[in-house]
Amino acid sequence: MHDIRLLRDQMPHLREAMRRRGKLDELGPVLDRAEALEKERREAIAAVEELQARRNKVTQEVAKLRKAGEPADDLMAESRAIGEQLTDLDARRTSVEAEVHQLLLELPNITLEEVPEGGEENNQVVRAWGEPRAAESGVIPHWEIGEKLGLMDLPRGAKISGSGFIVYRGAGARLVRALMNFMVNTHADEHGYEELWVPLLVNRNTMTGTGQLPKFEDDMYAVPSDDLFLIPTAEVPITNLYREEILEPADMPRSFVAFSACFRREAGSAGKDTRGLLRVHEFDKVELVRYATPENSRQELELLTSHAEKMLQLLELPYRVLLLAAGDTGFSSAMTYDLEVFSPGVGKWLEVSSCSVFTDFQARRANIRYRAAAGEKPRFVHTLNGSALAFSRIIAAMLEHHQQPDGSVTVPAALRPYLGRDVLR
RNA sequence: GGAUGGGUGGCCGAGUGGUUUAAGGCGCACGCCUGGAAAGCGUGUGGGCGGGCAACCGUCUCGCGAGUUCGAAUCUCGCCCCAUCCGCCA
């Protein structure tokens with residue numbers, strides 16, 4: 001959510017930001033309407049407060065007169081009259097405020113200057129690591145090799161839960177546990193993140209704080225009897241940890257890592273990418289979240305991204321880093337890097353991580369602030385997050401990329417201590 | 001699910017209709033005192049919004065919302081949350 005003050009003095013900037021996202025036609029009218037309402041809002045506030053000030057004076061007079069035993073009927077009548085006016089004016093203010101707030105919620109974040117404008121076609125590959133294995137190298141796709149090696153059981157996953165739910169078995173199940181420990185340990189021990197273990201069910205306030213609600217209620221798995229929701233990512237509980245709080249100087253900056261299962265209905269996703277592990281309703285993920293200052297947040301995006309990249313390097317999976325163009329950057333994000341791993345079995349690049357800086361856009365909505373120094377006014381933190389990494393696609397990539405001609409799969413060295421074996425066969 | 005108790009400022013805690021523009025204490029900041037410190041003394045210490053270059057002024061805020069009243073932390077109604085005990089339970 002934007003600062004409402006931008007509607008007063010940053011209109012050209014906002015307009016330009018919408019244009020860069022390719023949304024000016026759609027959102028230009030919203031901006032205009034919001035600008036007019038903001039002016040009306042301030043006028044209403046001024047009028048209401050003037051009346052309130054008058055009434056406060058009058059009722060104090062009444063108190064004095066009555067204490068002195070003198071009549072105060074005139075003043076009481078005046079106060080009553082002010083009260084009636086206030087009821088009307090205040091209702092007007094409330095409705096204007098509500099409408100401008102609604103409009104603000106429709107406006108996406110302003111992307112940073114270095115983000116290329118336009119849509120997906122303008123995404124830039126900023127760097128690449130390793131040599132992707134050719135698609136025509138005779139690699140068996142992950143869903144076949146996974147079943148052949150007894151690592152996963154897709155039909156029974158579908159039987160007990162539905163399509164898009166995976167049962168991992170034997171070494172496959174152990175692989176999930178190994179990935180969890182490997183990633184969380186590395187981020188906690190070597191990258192300095194505080195380790196968290198968070199609830200997978202969260203309440204409505206929490207879902208609203210990170211923006212999943214009210215707009216995307218249909219995309220969430222819900223438990224209506226308790227008004228709870230299954231998290232689509234650990235970002236939700238982690239970012240809400242300090243919702244409605246003010247962090248003191250000693251508390252900043254903060255960084256958190258958590259493993260969690262993630263639940264996504266993705267109602268309209270039938271069709272592409274549905275095969276195997278690529279798009280599922282429940283998957284596992286290690287998530288990184290950082291609370292940064294405005295001064296450092298841009299740099300912290302590089303740091304966060306490098307931590308995610310480190311996982312891919314240690315898993316010996318070639319990848320590329322994409323800087324997303326404005327039109328492809330998520331609603332709340334100011335700048336996003338996607339990490340993609342090549343799947344030779346599918347012949348496509350798979351998104352395995354998305355690292356974003358949200359500037360103060362998320363923090364304003366969730367009301368997370370900090371004090372730069374004791375006694376100073378609180379400011380909104382800048383939030384960042386990124387997956388490091390999403391398991392299902394990583395498993396798919398490993399099964400294909402590390403596949404040997406005999407159908408076995410070698411385990412990357414960094415993972416061996418966690419998995420307890422060098423090769424899956 | 002049942003019962004009881006409770007939500008006041010960073011924390012503790014007073015306050016049942018008008019000098020409460022929220023007492024007092026703790027903590028914190030600054031100053032005085034001191035060779036230095038502690039203690040002591042003094043001053044100041046929430047957040048949002050609006051106006052102003054600023055100092056500052058106004059307004060809202062005692063869990064949330066509505067109501068009664070000239071006036072609500074205080075009275076009425078509804079809701080939310082927390083704690084403890086019981087029941088159930090991995």
Side-chain angles (χ1 to χ4, degrees), chain A residues 1-10 34-105 197-209 213-214 223-229 237 240-252 254 261 360 363-381:
Chain A
M1 188 171 64
H2 289 292
D3 186 344
I4 196 168
R5 279 174 280 228
L6 296 186
L7 294 174
R8 314 217 278 260
D9 44 31
Q10 297 289 325
E35 184 185 24
L37 281 169
E38 161 56 12
K39 188 155 181 274
E40 196 176 338
R41 183 184 77 96
R42 275 181 298 153
E43 287 164 0
I45 286 172
V48 164
E49 292 192 352
E50 195 181 324
L51 279 179
Q52 284 172 332
R54 176 66 192 153
R55 184 174 66 179
N56 287 344
K57 283 210 178 72
V58 170
T59 59
Q60 273 172 25
E61 264 322 289
V62 171
K64 260 185 216 158
L65 286 174
R66 292 185 63 126
K67 196 156 198 162
E70 293 174 34
D73 294 348
D74 290 355
L75 291 177
M76 281 162 67
E78 182 182 353
S79 179
R80 189 184 291 118
I82 292 172
E84 279 161 18
Q85 282 185 67
L86 262 179
T87 305
D88 291 349
L89 264 176
D90 205 42
R92 177 70 194 143
R93 180 184 67 164
T94 304
S95 78
V96 169
E97 264 177 352
E99 194 182 342
V100 78
H101 187 75
Q102 273 312 114
L103 292 176
L104 273 182
L105 290 177
W197 191 273
V198 294
L200 304 180
L201 279 170
V202 298
N203 60 34
R204 185 171 286 275
N205 282 340
T206 296
M207 276 296 189
T208 307
L213 296 181
V223 184
S225 55
D226 295 286
D227 206 27
L228 293 173
F229 300 85
N240 276 279
L241 260 189
Y242 290 93
R243 168 160 53 88
E244 312 285 338
E245 292 194 37
I246 299 173
L247 295 160
E248 293 305 324
D251 297 326
M252 288 287 288
R254 316 245 30 187
D360 62 2
R364 181 170 292 106
R365 184 178 182 121
N367 200 16
I368 307 165
R369 291 171 293 174
Y370 78 103
R371 244 182 267 280
E376 281 197 15
K377 278 278 173 193
R379 295 196 288 172
F380 289 109
V381 304

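Naming convention: chains lettered A, B, ... in sequence-line order (proteins, then strands); numbering from 1 in each chain.
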Measure from CG on A:Asp90 to P on B:rC60 and round the result to the nearest Å. 10 Å

Taking the same atom, P, in B:rG65 and in B:rU16, what whole-Å distance lies between them? 24 Å

Could you tell me whether the side chain of A:Arg365 and the main chain of A:Thr208 form a donor-acceptor pair under 3.5 Å? yes

Read 5' to 3' with Watson-Crick or G-U pairs under 3.5 Å, [ ] for crossing pairs and | for partners on another strand, RNA chain B gives ((((((((.[[[..)..(.....]]]((((((.......))))))((((((....)))))).[[[[[..)....]]]]])))))))....

How long is the straight-line distance from CD1 of A:Ile82 back to CD of A:Glu50, given to the nearest 0.5 Å? 10.5 Å

Whole angstrom value for the distance that separates C1' of B:rG47 from CZ of A:Arg364: 16 Å

Main-chain N/O of A:Met1 paired to A:Arg364 side chain as donor or acceptor, under 3.5 Å: yes

Salt bridge check, A:Glu43 against A:Lys39: does any charged N sit closer than 4.0 Å to a carboxylate O? yes

Run the side-chain contact (heavy atoms from CB on, under 4.5 Å) check on A:Val96 and A:Arg93 step by step: do they pass? CA-CA 5 Å; A:Val96 169; A:Arg93 180 184 67 164; 5.9 Å; no

Sugar-phosphate atoms are those with a prime plus P, OP1 and OP2; base atoms are the rest. Using that split, label each nucleotide of nucleotides 50-59 of chain B B, S or - for protein heavy atoms under 4.0 Å, 5' to 3'. SS------BS

Nearest-angstrom distance, P atom, B:rG7 to B:rG44: 30 Å

State plainly whether the residues A:Glu61 and A:Lys57 are in salt-bridge range, i.e. N to O under 4.0 Å. no

Tell me yes or no: between the side chains of A:Thr206 and A:Asn203, is some donor less than 3.5 Å from an acceptor? yes

Taking the nucleotide of RNA chain B with the closest heavy atom to each, which residue, A:Pro378 or A:Gly83, is nearer the 5' end? A:Pro378

Looking only at atom C1', what distance separates B:rG50 and B:rA73, rounded to whole Å? 25 Å

When rounded to the nearest Å, what value does the distance between P atoms of B:rU59 and B:rU68 take? 23 Å

